[in-house]
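Working notes, structure below.
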Amino acid sequence: MLDLRLIRNDPDSVRAGLARRGEDLAALDRLVELDAEQRTLTAERDALRAEIRSLSNQVGALHRDQRADEAAALQEESRALGQQEKDLDARCDEVALAVRDILLRLPNLPAVDCPDGGGEADNVVVRVEDHDAAGYADHQRVPHWEVGEQLGILDVERAVKLSGSMFVMYRGAGAALVRALCQLAIDRNVDLYEEVRPPTLVRTDTLVSTGHLPKFVDEAYHLERDDLWAIPTAEVPLTSLHRDELLDEADLPRRFVAHTSCFRREAGSAGKDTRGLLRVHEFDKVEILALGTPEQAADLHAEILGRAEGLIRDLGLVHRVLDLCAGDIGNSAARTFDIEVYAPGVDQWLEVSSVSWFSDYQARRANLRYRPESGKGTEVLHTLNGSALAVPRVWAALVETHRTPDGTIRIPEPLRPYLQPYLVGDGPFR
RNA sequence: GGAGAGGUGCCGGAGCCAGGUCGAACGGGCCUCCCUGCUAAGGAGGUGUGGGGGCAACCUCACCGUGGGUUCGAAUCCCACCCUCUCCGCCA
(Lines give C-alpha, C1' and ligand atoms only; values in the text may rest on other atoms or scores of the structure.)
Protein backbone atom coordinates (compact mmCIF):
# COMPACT_ATOMS: atom_id res chain seq x y z
CA MET A 1 0.00 0.00 0.00
CA LEU A 2 1.34 3.39 -0.93
CA ASP A 3 1.57 6.19 1.60
CA LEU A 4 -1.55 8.30 1.21
CA ARG A 5 0.40 11.33 2.42
CA LEU A 6 2.90 10.91 -0.38
CA ILE A 7 0.09 10.66 -2.90
CA ARG A 8 -1.38 13.83 -1.44
CA ASN A 9 1.80 15.86 -1.16
CA ASP A 10 3.65 14.70 -4.22
CA PRO A 11 1.19 13.15 -6.67
CA ASP A 12 3.53 13.74 -9.60
CA SER A 13 6.26 11.46 -8.30
CA VAL A 14 3.68 8.75 -7.63
CA ARG A 15 2.27 9.25 -11.09
CA ALA A 16 5.75 8.93 -12.58
CA GLY A 17 6.46 5.76 -10.61
CA LEU A 18 3.24 4.07 -11.62
CA ALA A 19 3.78 5.13 -15.22
CA ARG A 20 7.14 3.30 -15.22
CA ARG A 21 5.16 0.15 -14.52
CA GLY A 22 2.82 0.87 -17.38
CA GLU A 23 0.00 1.30 -14.87
CA ASP A 24 -3.23 3.05 -15.81
CA LEU A 25 -3.28 6.35 -13.92
CA ALA A 26 -7.03 6.91 -13.85
CA ALA A 27 -7.34 5.16 -10.49
CA LEU A 28 -4.71 7.45 -9.01
CA ASP A 29 -6.51 10.57 -10.20
CA ARG A 30 -9.74 9.27 -8.72
CA LEU A 31 -7.92 8.55 -5.47
CA VAL A 32 -6.60 12.09 -5.19
CA GLU A 33 -10.14 13.43 -5.57
CA LEU A 34 -11.61 11.03 -3.08
CA ASP A 35 -8.91 11.78 -0.54
CA ALA A 36 -9.66 15.50 -0.67
CA GLU A 37 -13.35 14.79 -0.31
CA GLN A 38 -12.73 12.51 2.60
CA ARG A 39 -10.76 15.10 4.52
CA THR A 40 -13.47 17.71 4.04
CA LEU A 41 -16.18 15.31 5.16
CA THR A 42 -14.35 14.02 8.23
CA ALA A 43 -13.52 17.54 9.34
CA GLU A 44 -17.22 18.41 9.21
CA ARG A 45 -18.19 15.24 10.97
CA ASP A 46 -15.62 15.69 13.73
CA ALA A 47 -16.84 19.24 14.38
CA LEU A 48 -20.40 17.93 14.73
CA ARG A 49 -19.25 15.23 17.11
CA ALA A 50 -17.42 17.78 19.23
CA GLU A 51 -20.59 19.84 19.43
CA ILE A 52 -22.74 16.82 20.35
CA ARG A 53 -20.27 15.79 23.02
CA SER A 54 -20.26 19.26 24.51
CA LEU A 55 -24.07 19.38 24.57
CA SER A 56 -24.26 15.94 26.13
CA ASN A 57 -21.92 16.96 28.89
CA GLN A 58 -24.10 19.99 29.59
CA VAL A 59 -27.18 17.76 29.67
CA GLY A 60 -25.50 15.59 32.27
CA ALA A 61 -24.61 18.60 34.40
CA LEU A 62 -28.14 20.00 34.19
CA HIS A 63 -29.64 16.68 35.25
CA ARG A 64 -27.38 16.60 38.27
CA ASP A 65 -28.61 20.08 39.16
CA GLN A 66 -32.26 18.97 38.88
CA ARG A 67 -32.87 21.24 35.89
CA ALA A 68 -34.51 18.67 33.65
CA ASP A 69 -36.52 21.16 31.65
CA GLU A 70 -33.42 23.01 30.48
CA ALA A 71 -31.76 19.69 29.73
CA ALA A 72 -34.67 18.65 27.54
CA ALA A 73 -34.09 21.62 25.23
CA LEU A 74 -30.44 20.76 24.80
CA GLN A 75 -31.27 17.12 24.22
CA GLU A 76 -33.57 18.13 21.42
CA GLU A 77 -30.84 20.26 19.85
CA SER A 78 -28.34 17.45 20.15
CA ARG A 79 -30.76 14.97 18.64
CA ALA A 80 -31.01 17.13 15.52
CA LEU A 81 -27.23 17.34 15.24
CA GLY A 82 -27.11 13.61 15.73
CA GLN A 83 -29.18 13.08 12.62
CA GLN A 84 -26.81 15.26 10.59
CA GLU A 85 -23.83 13.44 12.02
CA LYS A 86 -25.32 10.11 11.02
CA ASP A 87 -25.71 11.18 7.40
CA LEU A 88 -22.24 12.66 7.23
CA ASP A 89 -20.80 9.57 8.85
CA ALA A 90 -22.36 7.34 6.24
CA ARG A 91 -20.84 9.45 3.46
CA CYS A 92 -17.46 9.40 5.22
CA ASP A 93 -17.55 5.61 5.40
CA GLU A 94 -18.49 5.38 1.77
CA VAL A 95 -15.60 7.57 0.66
CA ALA A 96 -13.17 5.91 3.05
CA LEU A 97 -14.08 2.54 1.59
CA ALA A 98 -13.55 3.78 -1.94
CA VAL A 99 -10.17 5.24 -0.95
CA ARG A 100 -9.11 2.00 0.64
CA ASP A 101 -10.27 -0.05 -2.31
CA ILE A 102 -8.13 1.93 -4.73
CA LEU A 103 -5.20 2.08 -2.35
CA LEU A 104 -5.20 -1.70 -1.92
CA ARG A 105 -5.07 -2.22 -5.66
CA LEU A 106 -2.36 0.27 -6.55
CA PRO A 107 0.99 -1.45 -7.00
CA ASN A 108 4.23 -0.39 -5.30
CA LEU A 109 6.47 2.25 -6.86
CA PRO A 110 9.56 0.85 -8.57
CA ALA A 111 12.84 1.72 -6.88
CA VAL A 112 14.84 4.52 -8.50
CA ASP A 113 17.53 2.07 -9.61
CA CYS A 114 15.04 -0.45 -10.94
CA PRO A 115 15.72 -0.66 -14.70
CA ASP A 116 13.24 0.87 -17.12
CA GLY A 117 11.29 -1.36 -19.39
CA GLY A 118 7.92 -2.72 -20.24
CA GLY A 119 8.32 -6.46 -20.02
CA GLU A 120 10.45 -9.56 -19.77
CA ALA A 121 12.61 -8.56 -22.72
CA ASP A 122 13.85 -5.48 -20.90
CA ASN A 123 15.14 -7.30 -17.83
CA VAL A 124 18.83 -6.74 -17.26
CA VAL A 125 21.10 -9.74 -16.99
CA VAL A 126 23.33 -8.94 -14.04
CA ARG A 127 25.53 -11.99 -14.37
CA VAL A 128 25.53 -15.32 -16.14
CA GLU A 129 27.60 -18.22 -15.10
CA ASP A 130 29.89 -19.42 -17.87
CA HIS A 131 28.19 -22.12 -19.77
CA ASP A 132 28.33 -23.42 -23.26
CA ALA A 133 24.87 -24.21 -24.50
CA ALA A 134 26.38 -26.53 -27.08
CA GLY A 135 28.56 -28.24 -24.53
CA TYR A 136 25.93 -30.50 -23.04
CA ALA A 137 26.04 -34.19 -23.70
CA ASP A 138 23.10 -36.05 -25.23
CA HIS A 139 22.41 -37.79 -21.94
CA GLN A 140 21.74 -34.35 -20.40
CA ARG A 141 19.29 -33.40 -23.08
CA VAL A 142 16.48 -35.51 -21.68
CA PRO A 143 13.54 -33.66 -20.07
CA HIS A 144 13.15 -34.36 -16.38
CA TRP A 145 9.74 -35.97 -16.77
CA GLU A 146 11.30 -38.65 -18.93
CA VAL A 147 14.22 -39.03 -16.57
CA GLY A 148 11.83 -39.24 -13.65
CA GLU A 149 9.70 -41.87 -15.28
CA GLN A 150 12.68 -43.98 -16.37
CA LEU A 151 14.06 -44.02 -12.86
CA GLY A 152 10.71 -44.37 -11.08
CA ILE A 153 11.27 -41.22 -9.03
CA LEU A 154 8.49 -39.08 -10.50
CA ASP A 155 4.93 -40.28 -11.04
CA VAL A 156 2.98 -37.56 -12.79
CA GLU A 157 0.38 -39.87 -14.23
CA ARG A 158 -0.88 -41.13 -10.89
CA ALA A 159 -0.71 -37.68 -9.34
CA VAL A 160 -3.11 -36.56 -12.04
CA LYS A 161 -5.38 -39.46 -11.13
CA LEU A 162 -5.44 -38.25 -7.52
CA SER A 163 -5.65 -34.51 -8.01
CA GLY A 164 -5.82 -33.54 -11.67
CA SER A 165 -3.36 -31.97 -14.04
CA MET A 166 -0.47 -29.90 -12.75
CA PHE A 167 -0.17 -31.97 -9.62
CA VAL A 168 2.86 -34.20 -9.23
CA MET A 169 4.05 -37.05 -7.05
CA TYR A 170 7.64 -37.90 -6.20
CA ARG A 171 8.54 -41.47 -5.37
CA GLY A 172 11.39 -43.36 -3.79
CA ALA A 173 14.68 -41.56 -4.23
CA GLY A 174 12.78 -38.73 -5.92
CA ALA A 175 10.75 -38.08 -2.78
CA ALA A 176 13.93 -38.27 -0.73
CA LEU A 177 15.50 -35.69 -2.99
CA VAL A 178 12.65 -33.29 -2.24
CA ARG A 179 13.20 -33.78 1.46
CA ALA A 180 16.98 -33.44 1.12
CA LEU A 181 16.74 -30.21 -0.85
CA CYS A 182 14.45 -28.65 1.73
CA GLN A 183 16.53 -29.67 4.66
CA LEU A 184 19.72 -28.45 3.03
CA ALA A 185 18.13 -25.11 2.27
CA ILE A 186 17.00 -24.70 5.87
CA ASP A 187 20.28 -25.87 7.39
CA ARG A 188 22.26 -23.36 5.37
CA ASN A 189 20.26 -20.46 6.75
CA VAL A 190 19.60 -21.22 10.39
CA ASP A 191 22.87 -19.51 11.34
CA LEU A 192 21.12 -16.16 10.99
CA TYR A 193 17.49 -16.90 10.15
CA GLU A 194 15.01 -18.19 12.70
CA GLU A 195 13.44 -21.42 11.54
CA VAL A 196 9.64 -21.16 11.45
CA ARG A 197 6.99 -23.67 10.55
CA PRO A 198 3.92 -21.50 9.93
CA PRO A 199 0.32 -22.46 9.12
CA THR A 200 -0.41 -22.91 5.43
CA LEU A 201 -4.07 -21.95 5.73
CA VAL A 202 -4.54 -18.29 6.58
CA ARG A 203 -7.18 -15.64 6.98
CA THR A 204 -8.03 -13.05 4.37
CA ASP A 205 -6.12 -10.26 6.17
CA THR A 206 -2.96 -12.30 5.98
CA LEU A 207 -3.17 -12.51 2.21
CA VAL A 208 -4.09 -8.83 1.94
CA SER A 209 -0.98 -7.87 3.89
CA THR A 210 1.43 -9.22 1.29
CA GLY A 211 -0.56 -7.81 -1.62
CA HIS A 212 -1.90 -11.12 -2.93
CA LEU A 213 -5.43 -9.91 -2.21
CA PRO A 214 -7.65 -8.29 -3.32
CA LYS A 215 -6.07 -7.98 -6.75
CA PHE A 216 -5.06 -11.58 -7.36
CA VAL A 217 -8.01 -13.51 -5.97
CA ASP A 218 -8.06 -15.87 -8.90
CA GLU A 219 -4.55 -17.08 -8.15
CA ALA A 220 -5.36 -18.36 -4.67
CA TYR A 221 -7.11 -21.45 -3.38
CA HIS A 222 -9.94 -20.53 -1.05
CA LEU A 223 -11.64 -22.86 1.41
CA GLU A 224 -15.06 -21.35 1.33
CA ARG A 225 -16.61 -23.20 4.24
CA ASP A 226 -14.04 -21.86 6.68
CA ASP A 227 -13.05 -18.73 4.78
CA LEU A 228 -9.38 -19.67 4.77
CA TRP A 229 -6.84 -19.36 1.99
CA ALA A 230 -4.03 -21.75 1.07
CA ILE A 231 -0.76 -19.83 1.01
CA PRO A 232 1.02 -19.38 -2.34
CA THR A 233 4.33 -18.91 -0.50
CA ALA A 234 5.68 -18.80 3.06
CA GLU A 235 6.16 -15.08 2.45
CA VAL A 236 2.49 -14.76 3.34
CA PRO A 237 2.49 -16.07 6.92
CA LEU A 238 6.00 -14.77 7.64
CA THR A 239 5.14 -11.22 6.61
CA SER A 240 2.15 -11.27 8.95
CA LEU A 241 4.05 -12.85 11.81
CA HIS A 242 4.58 -9.46 13.45
CA ARG A 243 1.50 -7.86 11.95
CA ASP A 244 0.03 -5.01 14.02
CA GLU A 245 3.09 -5.01 16.23
CA LEU A 246 5.43 -2.23 17.21
CA LEU A 247 9.01 -3.55 17.28
CA ASP A 248 12.04 -1.94 18.87
CA GLU A 249 14.75 -0.86 16.47
CA ALA A 250 17.24 -2.78 18.60
CA ASP A 251 15.47 -6.02 17.63
CA LEU A 252 15.93 -5.37 13.92
CA PRO A 253 16.48 -6.84 11.52
CA ARG A 254 14.36 -9.93 12.11
CA ARG A 255 15.13 -12.85 9.83
CA PHE A 256 13.07 -15.98 9.19
CA VAL A 257 13.42 -19.13 7.16
CA ALA A 258 10.44 -21.40 6.55
CA HIS A 259 9.71 -24.55 4.61
CA THR A 260 6.09 -24.88 3.52
CA SER A 261 3.90 -26.31 0.86
CA CYS A 262 2.79 -23.62 -1.57
CA PHE A 263 -0.47 -23.61 -3.50
CA ARG A 264 -1.16 -21.76 -6.72
CA ARG A 265 -4.15 -21.97 -8.99
CA GLU A 266 -2.13 -20.73 -11.98
CA ALA A 267 -5.42 -19.46 -13.37
CA GLY A 268 -3.79 -17.25 -15.99
CA SER A 269 -1.45 -19.90 -17.32
CA ALA A 270 -3.74 -22.66 -18.52
CA GLY A 271 -1.98 -24.72 -21.14
CA LYS A 272 1.44 -23.25 -20.35
CA ASP A 273 4.24 -25.48 -19.07
CA THR A 274 1.79 -28.26 -18.41
CA ARG A 275 4.32 -31.06 -18.62
CA GLY A 276 6.51 -32.09 -15.77
CA LEU A 277 7.55 -29.87 -12.92
CA LEU A 278 7.76 -26.47 -14.55
CA ARG A 279 4.42 -25.25 -13.29
CA VAL A 280 2.46 -27.10 -10.60
CA HIS A 281 -0.40 -26.31 -8.26
CA GLU A 282 1.29 -27.58 -5.11
CA PHE A 283 4.97 -27.55 -4.33
CA ASP A 284 7.54 -27.27 -1.56
CA LYS A 285 9.59 -24.18 -1.04
CA VAL A 286 12.04 -22.85 1.52
CA GLU A 287 11.65 -19.11 1.84
CA ILE A 288 13.87 -16.61 3.63
CA LEU A 289 12.48 -13.29 4.74
CA ALA A 290 13.68 -10.24 6.61
CA LEU A 291 12.11 -7.27 8.35
CA GLY A 292 14.34 -4.24 8.72
CA THR A 293 14.66 -0.50 8.83
CA PRO A 294 14.81 1.37 5.51
CA GLU A 295 18.54 1.81 6.12
CA GLN A 296 19.06 -1.95 6.54
CA ALA A 297 17.06 -2.88 3.46
CA ALA A 298 19.76 -2.68 0.79
CA ASP A 299 22.15 -4.89 2.74
CA LEU A 300 19.41 -7.39 3.51
CA HIS A 301 18.46 -7.53 -0.15
CA ALA A 302 22.05 -8.33 -1.13
CA GLU A 303 22.30 -10.84 1.69
CA ILE A 304 19.20 -12.78 0.65
CA LEU A 305 20.27 -12.76 -3.00
CA GLY A 306 23.72 -13.98 -2.01
CA ARG A 307 22.31 -16.84 0.01
CA ALA A 308 19.86 -17.96 -2.66
CA GLU A 309 22.53 -17.77 -5.34
CA GLY A 310 25.12 -19.55 -3.23
CA LEU A 311 22.91 -22.56 -2.73
CA ILE A 312 22.14 -22.90 -6.42
CA ARG A 313 25.83 -22.62 -7.26
CA ASP A 314 26.76 -25.28 -4.71
CA LEU A 315 24.24 -27.64 -6.24
CA GLY A 316 26.29 -27.41 -9.43
CA LEU A 317 23.53 -25.71 -11.41
CA VAL A 318 24.21 -23.13 -14.07
CA HIS A 319 22.39 -19.95 -13.26
CA ARG A 320 22.00 -16.31 -14.11
CA VAL A 321 20.70 -13.30 -12.22
CA LEU A 322 18.24 -10.83 -13.71
CA ASP A 323 17.46 -7.35 -12.49
CA LEU A 324 13.77 -7.14 -13.33
CA CYS A 325 12.62 -4.00 -15.09
CA ALA A 326 9.85 -1.74 -13.81
CA GLY A 327 7.33 -3.33 -16.12
CA ASP A 328 8.08 -6.86 -14.94
CA ILE A 329 8.48 -6.67 -11.17
CA GLY A 330 5.67 -8.03 -9.05
CA ASN A 331 2.84 -5.88 -7.82
CA SER A 332 4.20 -5.43 -4.29
CA ALA A 333 7.88 -5.16 -5.15
CA ALA A 334 10.08 -2.10 -5.57
CA ARG A 335 13.07 -4.06 -6.89
CA THR A 336 13.48 -7.71 -7.74
CA PHE A 337 16.35 -9.96 -8.76
CA ASP A 338 15.37 -13.25 -10.33
CA ILE A 339 17.64 -16.23 -10.20
CA GLU A 340 17.22 -18.54 -13.17
CA VAL A 341 18.69 -21.96 -13.55
CA TYR A 342 19.53 -23.52 -16.88
CA ALA A 343 17.81 -26.87 -17.38
CA PRO A 344 19.50 -28.65 -20.32
CA GLY A 345 16.84 -31.32 -20.77
CA VAL A 346 14.11 -28.81 -21.55
CA ASP A 347 16.66 -26.23 -22.77
CA GLN A 348 15.14 -23.45 -20.72
CA TRP A 349 16.11 -20.96 -18.08
CA LEU A 350 13.87 -21.67 -15.09
CA GLU A 351 13.07 -19.04 -12.51
CA VAL A 352 13.92 -20.59 -9.18
CA SER A 353 13.97 -17.54 -6.93
CA SER A 354 12.59 -14.01 -6.88
CA VAL A 355 14.50 -11.92 -4.41
CA SER A 356 12.47 -8.85 -3.71
CA TRP A 357 12.59 -5.66 -1.74
CA PHE A 358 9.07 -4.43 -1.01
CA SER A 359 10.08 -1.14 0.61
CA ASP A 360 7.28 -0.20 3.04
CA TYR A 361 4.49 -1.42 0.74
CA GLN A 362 3.70 -4.69 2.51
CA ALA A 363 4.64 -3.34 5.91
CA ARG A 364 2.08 -0.58 5.62
CA ARG A 365 -0.59 -3.12 4.71
CA ALA A 366 0.44 -5.37 7.58
CA ASN A 367 0.91 -2.47 9.97
CA LEU A 368 4.48 -3.52 10.70
CA ARG A 369 6.16 -0.70 12.57
CA TYR A 370 9.17 -0.04 14.74
CA ARG A 371 10.16 2.50 17.31
CA PRO A 372 13.40 4.24 16.27
CA GLU A 373 16.19 4.18 18.84
CA SER A 374 16.69 7.91 18.55
CA GLY A 375 13.75 10.23 18.63
CA LYS A 376 10.08 9.58 19.17
CA GLY A 377 7.25 8.27 17.09
CA THR A 378 7.03 5.17 14.96
CA GLU A 379 8.29 4.19 11.53
CA VAL A 380 7.08 1.69 8.97
CA LEU A 381 9.37 -1.30 8.42
CA HIS A 382 10.70 -2.63 5.16
CA THR A 383 10.16 -6.23 4.09
CA LEU A 384 12.36 -8.40 1.87
CA ASN A 385 12.30 -12.01 0.85
CA GLY A 386 13.39 -14.60 -1.62
CA SER A 387 13.17 -18.32 -2.22
CA ALA A 388 16.13 -20.08 -0.71
CA LEU A 389 14.98 -23.03 -2.72
CA ALA A 390 11.87 -23.81 -4.76
CA VAL A 391 11.76 -27.58 -5.11
CA PRO A 392 10.18 -28.56 -8.43
CA ARG A 393 12.29 -26.49 -10.78
CA VAL A 394 15.49 -27.14 -8.87
CA TRP A 395 14.66 -30.82 -8.80
CA ALA A 396 14.09 -30.71 -12.56
CA ALA A 397 17.28 -28.81 -13.36
CA LEU A 398 19.31 -30.99 -11.05
CA VAL A 399 18.07 -34.25 -12.50
CA GLU A 400 18.72 -33.01 -16.04
CA THR A 401 22.09 -31.41 -15.35
CA HIS A 402 23.54 -34.26 -13.33
CA ARG A 403 22.27 -37.11 -15.44
CA THR A 404 25.10 -39.51 -16.27
CA PRO A 405 25.59 -41.52 -19.47
CA ASP A 406 24.14 -44.63 -17.81
CA GLY A 407 20.96 -42.71 -16.95
CA THR A 408 21.53 -42.40 -13.22
CA ILE A 409 21.85 -39.09 -11.35
CA ARG A 410 25.08 -37.88 -9.78
CA ILE A 411 24.15 -36.24 -6.49
CA PRO A 412 26.16 -33.07 -5.77
CA GLU A 413 28.27 -32.94 -2.64
CA PRO A 414 26.12 -30.74 -0.35
CA LEU A 415 23.14 -33.08 -0.74
CA ARG A 416 24.97 -36.32 -0.12
CA PRO A 417 24.72 -36.33 3.68
CA TYR A 418 20.95 -36.09 3.39
CA LEU A 419 20.64 -38.94 0.91
CA GLN A 420 22.92 -41.59 2.41
CA PRO A 421 20.41 -44.49 2.21
CA TYR A 422 19.89 -43.78 -1.47
CA LEU A 423 23.55 -43.61 -2.44
CA VAL A 424 24.30 -47.29 -1.84
CA GLY A 425 23.45 -50.17 -4.16
CA ASP A 426 22.31 -49.71 -7.74
CA GLY A 427 19.57 -47.16 -7.26
CA PRO A 428 19.02 -44.11 -9.45
CA PHE A 429 21.41 -41.92 -7.43
CA ARG A 430 25.18 -42.01 -7.48
C1' G B 1 -19.27 -30.39 18.76
C1' G B 2 -21.54 -29.45 24.15
C1' A B 3 -21.21 -26.56 28.97
C1' G B 4 -19.04 -22.57 31.54
C1' A B 5 -15.60 -18.24 32.21
C1' G B 6 -13.43 -14.26 29.94
C1' G B 7 -11.38 -10.48 26.21
C1' U B 8 -9.65 -2.99 29.19
C1' G B 9 -3.28 0.91 28.09
C1' C B 10 3.91 -2.06 28.02
C1' C B 11 2.21 -5.73 32.05
C1' G B 12 -1.14 -6.84 36.16
C1' G B 13 -5.79 -5.18 37.34
C1' A B 14 -10.38 -1.90 38.69
C1' G B 15 -14.57 0.29 36.35
C1' C B 16 -19.39 -2.73 33.69
C1' C B 17 -25.39 -5.89 36.69
C1' A B 18 -27.26 2.17 39.50
C1' G B 19 -24.82 4.80 31.23
C1' G B 20 -22.48 11.26 31.82
C1' U B 21 -16.57 15.41 33.14
C1' C B 22 -13.28 7.64 31.74
C1' G B 23 -8.13 7.67 27.31
C1' A B 24 -9.81 5.23 31.66
C1' A B 25 -8.57 4.23 39.38
C1' C B 26 -4.64 1.50 41.65
C1' G B 27 -0.07 -1.34 41.38
C1' G B 28 4.25 -2.78 38.51
C1' G B 29 7.51 -1.50 34.62
C1' C B 30 9.94 2.34 31.84
C1' C B 31 11.83 7.69 31.28
C1' U B 32 13.40 12.54 33.46
C1' C B 33 14.74 15.15 37.79
C1' C B 34 15.98 15.23 43.29
C1' C B 35 18.53 12.62 47.18
C1' U B 36 23.09 9.36 47.54
C1' G B 37 30.67 8.37 47.21
C1' C B 38 28.39 4.06 43.66
C1' U B 39 24.18 0.81 43.70
C1' A B 40 19.75 -0.22 46.23
C1' A B 41 16.00 2.15 48.99
C1' G B 42 13.34 6.90 49.10
C1' G B 43 10.98 11.69 46.95
C1' A B 44 8.69 14.74 42.51
C1' G B 45 6.97 14.58 37.67
C1' G B 46 6.17 12.08 33.13
C1' U B 47 4.87 7.69 30.13
C1' G B 48 -0.44 5.07 24.08
C1' U B 49 -1.65 4.67 18.84
C1' G B 50 -3.94 6.55 14.53
C1' G B 51 -6.65 10.52 11.48
C1' G B 52 -7.48 15.95 10.62
C1' G B 53 -5.90 21.13 11.51
C1' G B 54 -1.70 24.68 13.12
C1' C B 55 5.17 27.45 11.87
C1' A B 56 4.64 26.11 16.89
C1' A B 57 2.76 25.79 21.89
C1' C B 58 -1.51 23.33 20.93
C1' C B 59 -6.64 22.12 19.26
C1' U B 60 -9.87 18.28 17.62
C1' C B 61 -11.85 13.34 16.29
C1' A B 62 -11.36 7.97 16.80
C1' C B 63 -9.74 3.65 19.55
C1' C B 64 -11.58 -0.38 26.39
C1' G B 65 -11.85 -8.06 20.99
C1' U B 66 -14.74 -6.88 15.94
C1' G B 67 -19.20 -5.11 13.64
C1' G B 68 -24.11 -3.25 14.30
C1' G B 69 -28.07 -1.11 17.58
C1' U B 70 -30.40 1.84 21.77
C1' U B 71 -29.49 6.92 23.87
C1' C B 72 -28.83 13.93 24.20
C1' G B 73 -24.56 10.84 25.86
C1' A B 74 -21.82 3.84 25.89
C1' A B 75 -15.65 0.76 28.21
C1' U B 76 -20.44 0.53 30.71
C1' C B 77 -27.17 -1.48 28.06
C1' C B 78 -28.92 -4.81 23.60
C1' C B 79 -27.73 -8.08 19.17
C1' A B 80 -24.35 -10.77 16.03
C1' C B 81 -19.59 -12.46 15.19
C1' C B 82 -14.31 -13.51 16.35
C1' C B 83 -10.73 -15.05 19.79
C1' U B 84 -8.74 -17.09 24.54
C1' C B 85 -9.16 -20.25 28.84
C1' U B 86 -11.45 -24.51 31.80
C1' C B 87 -14.32 -29.03 31.75
C1' C B 88 -16.78 -32.89 28.69
C1' G B 89 -16.96 -35.36 23.93
C1' C B 90 -14.21 -36.61 19.47
C1' C B 91 -9.54 -37.15 17.08
C1' A B 92 -3.75 -37.43 14.37
Check: Between atom CZ in A/Arg371 and atom C1' in B/C10, what is the gap in whole Å?
Finding: 9 Å

Item checked: A/Arg5 vs B/G51: side-chain N/O to OP1/OP2 distance below 4.0 Å -> yes

Check: Of the nucleotides B/G50, B/G20, B/C61, which one has an atom closest to the side chain of A/Arg369?
Finding: B/G50

Margin query: Work out how far the P atom of B/G23 is from that of B/A74, and round it to whole angstrom.
Written below: 11 Å

Next item on the list: List the atom of A/Tyr221, the atom of A/Phe263, and the distance in Å for their closest heavy-atom pair.
Entry: CD1-CB, 3.7 Å

Margin query: If you assign A/Glu76 and A/Thr42 each to the RNA chain B nucleotide with the nearest heavy atom, which residue ends up on the more 5' nucleotide?
Written below: A/Thr42

Check: Is A/Arg369 salt-bridged to A/Glu245, cutoff N-O under 4.0 Å?
Finding: no

Note to self: Using only atom types and a distance under 3.5 Å, with no angle test, would you say the side chain of A/Ser56 pairs donor to acceptor with the backbone of A/Ile52?
What the structure shows: yes

Notebook entry, point to check: Using the glycosidic torsion, which applies to B/A18: syn (within 90° of 0) or anti (everything else)?
Noted result: syn

Next item on the list: Could you measure between the two C1' atoms, the one in B/G15 and the one in B/A24, and give it in whole Å?
Entry: 8 Å

Next item on the list: Consider the side chain of A/Arg39, meaning its heavy atoms from C-beta on, and name the nucleotide among B/C61, B/G53, B/U71 that approaches it most closely.
Entry: B/G53

Item checked: A/Asn57 (side chain) and B/G73 (base): donor-acceptor pair under 3.5 Å -> no

Item checked: Short N-O contact, A/Arg264 and A/Glu282, less than 4.0 angstrom -> no

Notebook entry, point to check: Checking all strands, does A/Ser78 fall into the base, sugar-phosphate, or nothing category for heavy-atom contacts under 4.0 angstrom?
Noted result: sugar-phosphate

Margin query: Side chains of A/Thr206 and A/Arg243 only: does a donor on one sit below 3.5 Å from an acceptor on the other?
Written below: yes

Check: Roughly how far apart, to the nearest Å, are B/U36 and B/G29 at atom C1'?
Finding: 23 Å

Check: Does B/A5 have a Watson-Crick or wobble partner in any strand here, with both distances under 3.5 angstrom, and which is it?
Finding: B/U84

Check: Atom CZ of A/Arg79 and atom P of B/U71: how far apart are they, to the nearest Å?
Finding: 8 Å

Check: What integer distance in Å separates A/Leu247:CG from B/C10:P?
Finding: 14 Å

Notebook entry, point to check: Separation of A/Arg203 atom CZ from B/C81 atom P, in whole Å?
Noted result: 15 Å

Next item on the list: Please report, rounded to the nearest Å, how far the C1' atom of B/C82 is from the CG atom of A/Asp226.
Entry: 14 Å

Margin query: If I take atom CD in residue A/Gln84 and atom C1' in nucleotide B/C72, what distance separates them, rounded to the nearest angstrom?
Written below: 14 Å

Margin query: We want to know whether A/His222 and A/Asp227 form a side-chain donor-acceptor pair, criterion being a heavy-atom distance below 3.5 angstrom.
Written below: yes

Next item on the list: Determine yes or no for a side-chain-to-main-chain donor-acceptor pair under 3.5 angstrom, with A/His63 supplying the side chain and A/Ala68 the backbone.
Entry: no

Under 3.5 Å, side-chain donor or acceptor atoms of residues 157-185 of chain A against the rest of the protein: list the pairs with distances, not counting sequence neighbours.
residue, atom, partner, partner atom, Å
A/Arg158, NH1, A/Asp155, OD2, 2.8
A/Arg171, NH1, A/Asp155, OD2, 2.8

Next item on the list: Could you measure between the two C1' atoms, the one in B/C22 and the one in B/G73, and give it in whole Å?
Entry: 13 Å

Item checked: B/C17 to B/G54 separation - C1' atoms, rounded to the nearest Å -> 45 Å

Next item on the list: Determine which nucleotide pairs with B/C38, using a 3.5 Å limit on both distances of a Watson-Crick or G-U wobble pair.
Entry: none

Margin query: Taking only the C1' atom of each, what is the distance from B/A3 to B/A92 in whole angstrom?
Written below: 25 Å

Next item on the list: State whether A/Asp3 and A/Arg8 are salt-bridged, where the test is any N-O pair (Lys NZ or Arg NE/NH1/NH2 against Asp/Glu carboxylate O) under 4.0 Å.
Entry: no

Next item on the list: Consider the side chain of A/Ser56, meaning its heavy atoms from C-beta on, and name the nucleotide among B/G52, B/C82, B/C72 that approaches it most closely.
Entry: B/C72

Notebook entry, point to check: Which base, if any, makes a Watson-Crick or G-U wobble pair with B/A75, both distances under 3.5 Å?
Noted result: none

Notebook entry, point to check: When you compare B/U76 with B/C63, how far apart are their C1' atoms, in angstrom units rounded to a whole number?
Noted result: 16 Å

Checklist line | A/Arg243 CZ to B/U49 P, straight-line distance once rounded to whole Å | finding: 21 Å

N/O contacts under 3.5 Å, protein versus nucleotides 64-70 of chain B?
none

Note to self: Evaluate A/His382 against A/Trp357 for ring pair (Phe, Tyr, Trp, His ring centres under 6.0 Å), listing each step before the verdict.
What the structure shows: CA-CA 8 Å; A/His382 278 203; A/Trp357 168 49; 5.7 Å; yes

Notebook entry, point to check: Just how far, in rounded Å, is C1' of B/G50 from CG of A/Asn367?
Noted result: 9 Å

Item checked: Rounded P spacing from B/C26 to B/U32 in Å -> 23 Å

Next item on the list: Between A/Ala61 and A/Ala50, name the one whose nearest nucleotide on RNA chain B is closer to the 5' end.
Entry: A/Ala61

Notebook entry, point to check: Taking a pair as Watson-Crick or G-U wobble with both distances under 3.5 Å, which nucleotide is matched to B/A18?
Noted result: none

Note to self: Whether A/Arg53 contacts B/U71 is assessed here as follows: a side-chain N or O lying under 4.0 Å from the phosphate OP1 or OP2. Is that the case?
What the structure shows: no

Note to self: Using Watson-Crick or G-U wobble geometry with both distances under 3.5 Å, which nucleotide pairs with B/U32?
What the structure shows: B/A44

Next item on the list: Output the single nucleotide from B/U71, B/G20, B/A62 whose closest atom is nearest the side chain of A/His63.
Entry: B/G20

